[in-house]
J.: 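Before anything else, here's the structure in question.
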Number of protein chains: 2
Amino acid sequence: MAVTMHDVAQRAGVSIKTVSNVVNGYPYIRDTTRTKVLSAIEDLGYQLNVTARNLRTGRTGIIGLALPELSLPYFAELADAVIVAAEAQGLTVLIEQTSSERSRELEVLSGARRHLTDGLIFSPLAIGAGDEDLLRVDFPMVLLGERIFHGPVDHVTMHNVEAARAATEYLIGLGRRRIAAIGVHTGEVVGSAGLRLQGHLQALERAGIPADPALFGEAGLWHRATGASAMAAVLDSGARPDAVFAFNDAMALGAMHELQVRGLRVPADVAVIGFDAIDDGIYSTPSLTTVDPGREQIARTAVALLVERIAGKETDHVPVQVYADYRILERGSTVPGAP
Amino acid sequence: MAVTMHDVAQRAGVSIKTVSNVVNGYPYIRDTTRTKVLSAIEDLGYQLNVTARNLRTGRTGIIGLALPELSLPYFAELADAVIVAAEAQGLTVLIEQTSSERSRELEVLSGARRHLTDGLIFSPLAIGAGDEDLLRVDFPMVLLGERIFHGPVDHVTMHNVEAARAATEYLIGLGRRRIAAIGVHTGEVVGSAGLRLQGHLQALERAGIPADPALFGEAGLWHRATGASAMAAVLDSGARPDAVFAFNDAMALGAMHELQVRGLRVPADVAVIGFDAIDDGIYSTPSLTTVDPGREQIARTAVALLVERIAGKETDHVPVQVYADYRILERGSTVPGAP
DNA sequence: ATTCCACCCTACATCGATGTAGAGACCCTG
DNA sequence: CAGGGTCTCTACATCGATGTAGGGTGGAAT
């Protein structure tokens with residue numbers, strides 16, 4: 001039913017392989033032959049069967065992108081950026097949602113989709129320190145995020161500690177002293193939560209401000225709702241922060257909401273800074289000051305590394321760690337009247 | 001290098017086809033044989049080559065989802081819902097972003113990915129009335145959204161007119177009379193913009209309120225930014241609305257932002273209702289009253305229809321139109337103190 | 001004892017493309 | 001004019017699975 005190379009070959013009066021050569025841009029073909037083949041393709045409405053090519057070449061032109069949840073704006077925007085970057089390289093992206101479940105993340109690593117994709121960009125949340133061995137997979141992979149350090153694979157990440165330190169230093173620079181940290185995971189050292197808290201504490205220490213545990217807001221998942229309730233918990237404990245550093249924008253927006261519900265003015269009473277630079281922060285009331293962790297750069301770099309990994313031979317590869325550049329976007333939640 | 005059925009067959013001492021039969025759950029296999037094969041699979045770490053199966057069967061287990069942009073929360077949440085629904089049916093989803101460009105939408109319809117996917121769920125934005133012919137594709141497809149009416153394919157959509165009418169009637173029920181409409185596309189009749197405006201006008205007419213063009217806020221793309229500037233334009237024109245019906249939540253949030261920037265209180269001075277029920281609306285200040293158009297129902301239905309289309313024989317199929325149920329979620333932007 | 005059917009398994013062709021090897025034509029060099 | 005290189009094209013094997021057709025069993029039915 002469908003038109004195959006065989007049909008095209010017959011109509012053009014050439015061999016199948018010649019059609020294949022034309023389609024693939026093989027140079028040594030007479031112009032007259034090429035024209036014949038192309039018009040036969042046109043006439044028949046031929047379309048290459050990608051599956052057959054995949055079987056023969058072992059390449060699919062698809063890369064997997066495994067992330068926790070698309071409904072979280074940070075990941076939706078990251079997916080967007082990855083898709084755009086992949087497209088520029090002629091690749092298609094297959095998204096897998098792990099729902100932050102360890103079992104789903106292990107499934108992704110087990111390579112169930114391995115024959116369908118040429119490689120994987122993986123942003124893990126549930127697996128972490130101690131799981132380095134799970135990352136020794138036999139297909140090209142690039143990691144995103146903070147969960148694993150010094151693993152055996154390429155890793156694109158951000159300057160979490162430095163960027164977090166910069167955020168808190170920025171608040172201190174505004175004259176704030178009682179700075180709440182929202183999104184703390186007590187006991188965690190390596191993940192985003194651990195690193196950002198570390199940067200936060202460094203900044204406090206350098207400024208000679210003692211850290212006050214009453215200002216730590218615990219939040220497991222980093223949603224708006226958890227940000228709001230972490231903020232509520234801090235306020236209910238009697239602490240009176242004059243600034244908030246939320247470890248991501250979603251929580252920052254939730255926290256800001258909670259502050260305003262309680263009649264506190266942002267930024268007059270409490271300045272708020274987030275982390276991620278999601279689009280939403282531009283349109284909140286007030287707009288949200290945030291740390292831009294270089295999302296597009298991360299996406300571009302991850303795709304580029306993966307392409308390199310796919311093309312390269314397995315041997316002599318030394319895992320690289322790439323850190324994207326960060327900067328602070330100053331907006332209305334810290335400076336009255338800022339854009 | 002990779003383990004194939006051949007290797008498994010050899011190790012288990014059976015034929016390749018028997019391995020295939022075991023893998024595919026063919027019933028007539030002796031238990032001892034099945035056990036032998038399964039342990040050979042286990043020993044060798046065999047994984048089915050999906051590509052080869054695809055070539056042979058013509059099915060890939062992948063469905064395409066073409067939508068405008070993942071960075072728009074509505075579509076991100078829709079994608080999430082579709083992925084979940086597809087997973088429940090054992091299908092994987094390949095997302096394509098059209099960036100709302102006509103050329104990209106045509107490309108999607110031309111079936112470039114046809115051999116890679118079993119079918120397509122397509123949410124068009126750029127193509128519309130007059131393009132019905134483009135939809136006569138020779139692969140299974142289900143349409144989402146409002147752009148095309150009475151096309152030749154299955155279509156899952158929402159009660160736009162009725163839901164919009166309900167939104168405006170709700171505002172009227174609160175005693176509001178000067179209701180701005182944000183997201184108007186002048187001249188458009190069939191798309192979401194046209195239908196929602198139509199419902200809005202119906203509600204006004206039934207209440208005997210004359211429509212005032214000064215209260216129409218034009219917005220091409222339905223982002224927060226355009227919502228904010230459409231709101232600004234309405235206010236700058238000197239109109240003094242006491243309520244706003246934004247045709248989606250993103251614009252509603254942008255409009256609400258603009259109102260607050262200008263010192264207007266929501267909902268005291270201006271009540272705001274959106275459309276879409278994206279998660280963001282829960283955490284805005286105040287939280288956003290909105291129309292829930294039944295997104296999950298839409299996703300589930302679309303996947304179910306597509307599966308039916310894929311399984312069914314091409315003939316005797318009559319295109320169906322399915323309308324999801326809507327309801328109003330009342331929150332703080334219309335009722336002070338609401339959740 | 002023959003027939004039949006349910007059960008269990010195998011051999012071979014096949015899906016639609018690409019890689020390999022090599023054949024034929026042509027031109028250039030020495 | 002032999003030898004070599006470049007250009008153009010073809011035949012055939014091959015990727016890894018599944019569909020088809022059919023060959024043996026053994027037990028029940030005739």
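Keep in mind the model is a prediction, meaning the values are calculated, not measured. The figures here come from the full heavy-atom set of this structure, side chains too, leaving out hydrogens, waters and symmetry mates. Each chain gets a letter, A, B and so on, in the order its sequence line appears, and its residues count up from 1.
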J.: Any chance CD of A:Gln47 has more than 12 other-residue heavy atoms, nucleotides or ligands included, within less than 6.0 Å?
T.: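 Atom CD in A:Gln47 is crowded, with more than 12 foreign heavy atoms closer than 6.0 Å.
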J.: Regarding A:Thr18 and A:Ser15, do their side chains bring together a donor and an acceptor under 3.5 Å, going by distance alone?
T.: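 On atom types as modelled, these side chains qualify, holding a pair under 3.5 Å.
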J.: Give one of base, sugar-phosphate or nothing for B:Thr18, where a contact means two heavy atoms less than 4.0 Å apart.
T.: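 Answer is base: heavy atoms of B:Thr18 come under 4.0 Å of a base.
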J.: Please write out the pairs of protein N or O atoms and N or O atoms of nucleotides 21-28 of chain C separated by less than 3.5 Å, giving the distance to one decimal.
T.:
none

J.: Classify the side-chain pair B:Asn24/B:Arg53 by whether it contains a donor and acceptor separated by less than 3.5 Å.
T.: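 There is such a pair between these side chains.
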J.: Hey, does the side chain of A:Asn24 come within less than 4.0 Å of C:dT18's phosphate (OP1/OP2), counting only N and O?
T.: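 Yes, because at least one side-chain N or O of A:Asn24 sits under 4.0 Å from OP1 or OP2 of C:dT18.
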J.: A:Arg34 CZ to D:dC9 C1': how many Å, rounded?
T.: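 That distance rounds to 13 Å.
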J.: So B:Val8 and B:Thr4, do their side chains get closer than 4.5 Å, heavy atoms only?
T.: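 Sidechains of B:Val8 and B:Thr4: no contact.
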J.: For A:Ile16 and C:dC15, give me the distance from atom CD1 to atom P, rounded to whole Å.
T.: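 It works out to 11 Å between those atoms.
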J.: Between B:Asn21 and B:His115, name the one whose nearest nucleotide on DNA chain C is closer to the 5' end.
T.: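 Result of the comparison: B:Asn21.
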J.: Which pair of heavy atoms, one from A:Ala79 and one from B:Leu70, lies closest together, and at what distance?
T.: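 In terms of heavy atoms, the two residues are closest at CB-CD1, 3.8 Å.
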J.: Would you mind classifying the nucleic acid contact of A:Leu48 as base, sugar-phosphate or nothing, using non-hydrogen atoms under 4.0 angstrom?
T.: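 If one applies the 4.0 Å heavy-atom cut-off, A:Leu48 turns out to touch the sugar-phosphate alone, with no base involved.
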J.: Given atom NZ of A:Lys36 and atom C1' of D:dT10, what is their separation to the nearest angstrom?
T.: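 Roughly 13 Å, once rounded to whole Å.
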J.: Given B:Val82, which partner from the list B:Leu67, B:Ile298, B:Ile121 fulfils the side chain to side chain contact (heavy atoms under 4.5 Å, CB included) test?
T.: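 Going through the options one by one, the only one that passes is B:Ile121.
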J.: Between C:dC9, C:dT18, C:dG16, which one does the side chain of A:Lys17 approach most closely?
T.: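 Looking only at heavy atoms from C-beta outward on A:Lys17, the closest nucleotide is C:dT18.
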J.: Could you report the tightest heavy-atom contact between B:Ser99 and B:Glu69, atom names first, then the distance?
T.: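 Scanning both residues completely, I find the closest heavy atoms to be CA-CG, 4.4 Å.
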J.: B:Thr32 or A:Val19: which one's nearest nucleotide on DNA chain C is closer to the 5' end?
T.: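 It is B:Thr32, whose closest nucleotide lies nearer the 5' terminus.
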J.: Figure out the CD1/C1' separation between A:Ile29 and D:dT10, and round it to whole Å.
T.: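 It works out to 12 Å between those atoms.
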J.: Think B:Tyr46 has a side-chain N or O under 4.0 angstrom from the OP1 or OP2 of D:dA17?
T.: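 For D:dA17, OP1/OP2 do have a side-chain N/O of B:Tyr46 under 4.0 Å.
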J.: Using whole Å, report how far CG of B:Asp31 lies from C1' of C:dC9.
T.: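 So the CG-C1' distance, B:Asp31 to C:dC9, works out to 15 Å.
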J.: Heavy atoms from C-beta onward define the side chain here; which of D:dT10, D:dC9, C:dC9 lies closest to that of A:Thr33?
T.: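 Selected nucleotide: D:dC9.
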J.: Please state whether the phosphate of C:dT10, meaning OP1 or OP2, lies under 4.0 angstrom from any side-chain nitrogen or oxygen of B:Ser15.
T.: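 Checking C:dT10 against B:Ser15, a side-chain N or O does come within under 4.0 Å of OP1 or OP2.
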J.: Whole angstroms only, please: what is the NE2-P distance between B:His6 and C:dC12?
T.: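 Atom-to-atom, B:His6 to C:dC12, this comes out as 14 Å.
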J.: According to side chain to side chain donor-acceptor pair (under 3.5 Å), does anything in residues 55-68 of chain B pair up with another residue at least two apart or in another chain? List the pairs.
T.: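 For residues 55-68 of chain B, and leaving out neighbouring residues, the side chain to side chain donor-acceptor pair (under 3.5 Å) pairs sorted by first residue read B:Thr60-B:Asp118.
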J.: A:Tyr28 side chain N/O closer than 4.0 Å to the phosphate oxygens (OP1, OP2) of D:dC7?
T.: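 For D:dC7, OP1 or OP2 has a side-chain N or O of A:Tyr28 closer than 4.0 Å.
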J.: Quick one: do the B:Asn54 and A:Thr51 side chains pair a donor with an acceptor below 3.5 Å?
T.: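 No, no side-chain donor-acceptor pair sits under 3.5 Å.
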J.: Among residues 49-57 of chain B, which contact DNA chain C at a heavy-atom distance under 4.0 Å?
T.: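 Contacts with DNA chain C under 4.0 Å: B:Leu55, B:Arg56.
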J.: B:Val142 versus B:Phe122: any side-chain heavy-atom pair under 4.5 Å?
T.: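 A side-chain contact under 4.5 Å is absent here.
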J.: Look at all strands and tell whether B:Val23 reaches a base, only sugar-phosphate, or nothing, counting heavy atoms closer than 4.0 Å.
T.: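 Contact class for B:Val23: none.
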J.: If you check the B:Met5 side chain, which of D:dA17, C:dC9, D:dC9 turns out closest?
T.: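 Looking only at heavy atoms from C-beta outward on B:Met5, the closest nucleotide is D:dA17.
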